[in-house]
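Reminder, nothing fancy here: chain letters follow the sequence lines and each chain counts from 1. What you see below is based on every heavy atom in this structure, not just the backbone, and it leaves out hydrogens, waters and symmetry mates. All of these numbers come straight from a predicted model, not from anything done at the bench.
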Number of protein chains: 2
Amino acid sequence: MKNQKRTTIYDIAKKLNLNASSVSRALSNNSNVSEATRKLILDTAKELNYKQNSLASNLRKGHNQTIGVIVPRINQNYFADVIAGIEEVTYQKGYNLVICQSNESSAREVKCVNTLINQHVSCIVISLSADFEDDKHLQTIKEHGIPLIQFDRVAEHLDTFKVLNDNEQASIDAVSHLIEQGYKRIALLEGPQNLNIFRQRKAGYLAALKKFNVPVLPELIKENAWTKELGAESTKELLNLAEPPDAIFASTSDFSALGVLEVATKMGLKVPEELGICGYSNEAFTEITSPSITTIDQYSVSMGKTIANLYFQEIESSEKDNNPKIVSIKPKLIVRSSTLRNKTED
Amino acid sequence: MKNQKRTTIYDIAKKLNLNASSVSRALSNNSNVSEATRKLILDTAKELNYKQNSLASNLRKGHNQTIGVIVPRINQNYFADVIAGIEEVTYQKGYNLVICQSNESSAREVKCVNTLINQHVSCIVISLSADFEDDKHLQTIKEHGIPLIQFDRVAEHLDTFKVLNDNEQASIDAVSHLIEQGYKRIALLEGPQNLNIFRQRKAGYLAALKKFNVPVLPELIKENAWTKELGAESTKELLNLAEPPDAIFASTSDFSALGVLEVATKMGLKVPEELGICGYSNEAFTEITSPSITTIDQYSVSMGKTIANLYFQEIESSEKDNNPKIVSIKPKLIVRSSTLRNKTED
DNA sequence: TTAATTTAAGCAATCGATTGCGATAAAAAT
DNA sequence: ATTTTTATCGCAATCGATTGCTTAAATTAA
């Protein structure tokens, strides 16, 4: 069952007393082959169970119709959705997807990049790992002439195609909403500031406070509260302050917000009356917690489609060296019970 | 930036007045090259920014170190987790992953299979689409000598490697648990019976009833209740019966169970006192609904690892034509509030 | 009937890396 | 000093498909 040679165009050619070039042409269905021999070739191809060897074809053509995707984690809703969106479009175009996960480690990210370069992929799509510091590997991609599309977590100063969420505006919307609901002391759970997305979310938080002339209180800003556990921990500290916050914006993730909710519930605080909670990402579960959690939807699937379309429209089609384009998608604030104490708005 | 030729081993050879074969040998790091020239080659390779062309290498070597994975949906927790598990192992081995999603359509599944065969992948891992009927494409894989590992949703009669969950035993456990909690009229939400997993889950339901001498009531078995919406619909019908069930086993998914819970809550039924609910899959949200939902964990990530290990241990390593192996993983019943009315057990 | 044109198919190089075999030079053995 | 062995490296074929160019055959035009 193993090691059996697969039939090649030469096998077909030999059987029909033809040249391999004719077989190739008949199979690719375009050039100068008579209808009679074409049918003959197609038939024996089927008969001999012929399948094209993409390796050889791609080597000859100098490209393989494959897009490489590197994400921190495959099994994280946001990234899985983006990938699904990319796949949806690339499949239509007959392209393939090679998926790598960096596991939030930039060392591993570098290895993934090298593999994809070796594979001669047509394009690399990447969202950076949490410990991002150095963009040398991204430079390498550019040096090899491979189109590069960064999304979500990006190296901002690097001149590449980018598909982004407007994290700052989303945060402004969220915090503004909290203020409008009458919350006075709004805490922020922030993520690692080496990542653009968390910097932007913090900036949005600060901008919104400024807009409403609300003073910034450093003791209400908690670093490193990414996970549910860390979110819970930070919440305990916040709620034990002499003057605790009356709302918490978990800008890191909905998981963090869930940690907030669980601690608040455990401590007997009423949500949203005594504590407002806002998360980020619109994970499926935010809709079914009690109370349901206000959050921000990132249109992840459509973001994936945007990425793929960007490649096909801007990069693959035209040969001219157009400037890398930046597409920004505006996320949407999803208001739910966890921040709705001003019932007039509902 | 485009169309620049990448440096090949010939470029390196020319620059050093050597033959390409020496460069290849130096790069592959094993054969007869003197230390001096090896260092020379390695240095200029770095200098010229050389990256191997995997296409050429794989074509020559006759295989590409890639495993193709076909799943119904990438962004479904269970499959995303399995993929993450596979990736974890394959990454260690220096293998790549090509991911395809069939979108629950077997027509598309066939196309995916063909693409992967063309790519000369080393192995194909597949979980069948919902409308599975014909396994011709799986036969084709075997005919081409490509190792095939089916998981979860499989064509049972086809002689291939398989990694399965013991769905029947899991269902027996779940239903037995319901009976032990004193539920008398247990309804079943079942999925399409062309898929082995749903057949097995139904079989487990029936077996458990038989074990406890509980009569099977056809009006309590609802077909086609896969999604949350369909689960809700079926629940309404069930609860409007003259003699409604006192427990519902949503064997299709946790989403279906969520639909059950929402309808029950809306109709003012107390869970678990008046209605017991059990789902399937241990989706993240089942832990945080109120009440939390009893469900079955499938060890998805570890299942992915098992799949990959099966390939490396059983298939890749030994050349002998060993019989396809079947690995069964026993899922675990996670008892939560939605079925716990007999408090002694907690 | 002959010349011009179109059509069909073969030839051979190419993509880039790998590898068995042979050749040369240097080192070791006699 | 001569022969044998070993270490290095080059040569050339190979993997399978593609494609520009050429040739042969068939068709049309004159």
Using the side chain to side chain donor-acceptor pair (under 3.5 Å) criterion, which residues pair with N77(A)? Sequence neighbours excluded. E283(A)
What I want to find out is whether R108(B) reaches E87(A) closely enough, with some N-O distance under 4.0 Å, to be called a salt bridge. yes
Using the test side chain to side chain contact (heavy atoms under 4.5 Å, CB included), find all partners of A84(A) that sit at least two apart in sequence or belong to another chain. N75(B), Q101(B)
Need one value for L55(B): base, sugar-phosphate or nothing, where a base atom within 4.0 Å counts as base even if backbone is also close, heavy atoms only. nothing
In whole angstroms, how far is the C1' atom of dA17(D) from the CG atom of N58(A)? 10 Å
Write down the distance between CG (L48(B)) and C1' (dG16(C)), rounded to a whole number of angstrom. 16 Å
Mapping T37(A) and S57(B) onto DNA chain C by nearest heavy atom, which one lands closer to the 5' end? T37(A)
Reckon L18(B) touches a base, only the sugar-phosphate, or nothing at all at heavy-atom distances under 4.0 Å? sugar-phosphate
Below 3.5 Å is the cut-off: list the nitrogen or oxygen pairs between protein and nucleotides 19-28 of chain D, distance only.
| unit_1 | atom_1 | unit_2 | atom_2 | d |
| --- | --- | --- | --- | --- |
| dG20(D) | O6 | R25(A) | NH2 | 3.3 |

Applying salt bridge (charged side-chain N to carboxylate O under 4.0 Å, His left out) as the test, list every pair that has at least one member in residues 92-104 of chain B; sequence neighbours left out. E104(B)-R153(B)
Give one of base, sugar-phosphate or nothing for N17(A), where a contact means two heavy atoms less than 4.0 Å apart. sugar-phosphate
Rounded to whole Å, CG of N32(B) lies from C1' of dG22(C) at a distance of 13 Å
What is the separation between atom CZ on R6(B) and atom P on dT14(C), rounded to the nearest whole Å? 21 Å
Restricting to side chain to side chain contact (heavy atoms under 4.5 Å, CB included), what partner residues turn up for D11(A), sequence neighbours left out? T7(A), T8(A)
Between Y50(A) and dA17(D), is there a side-chain N or O to OP1/OP2 distance below 4.0 Å? yes
Any salt bridge (charged side-chain N to carboxylate O under 4.0 Å, His left out) involving residues 42-57 of chain A? Give me the pairs, sequence neighbours left out, ordered by first then second residue. K15(A)-E47(A)
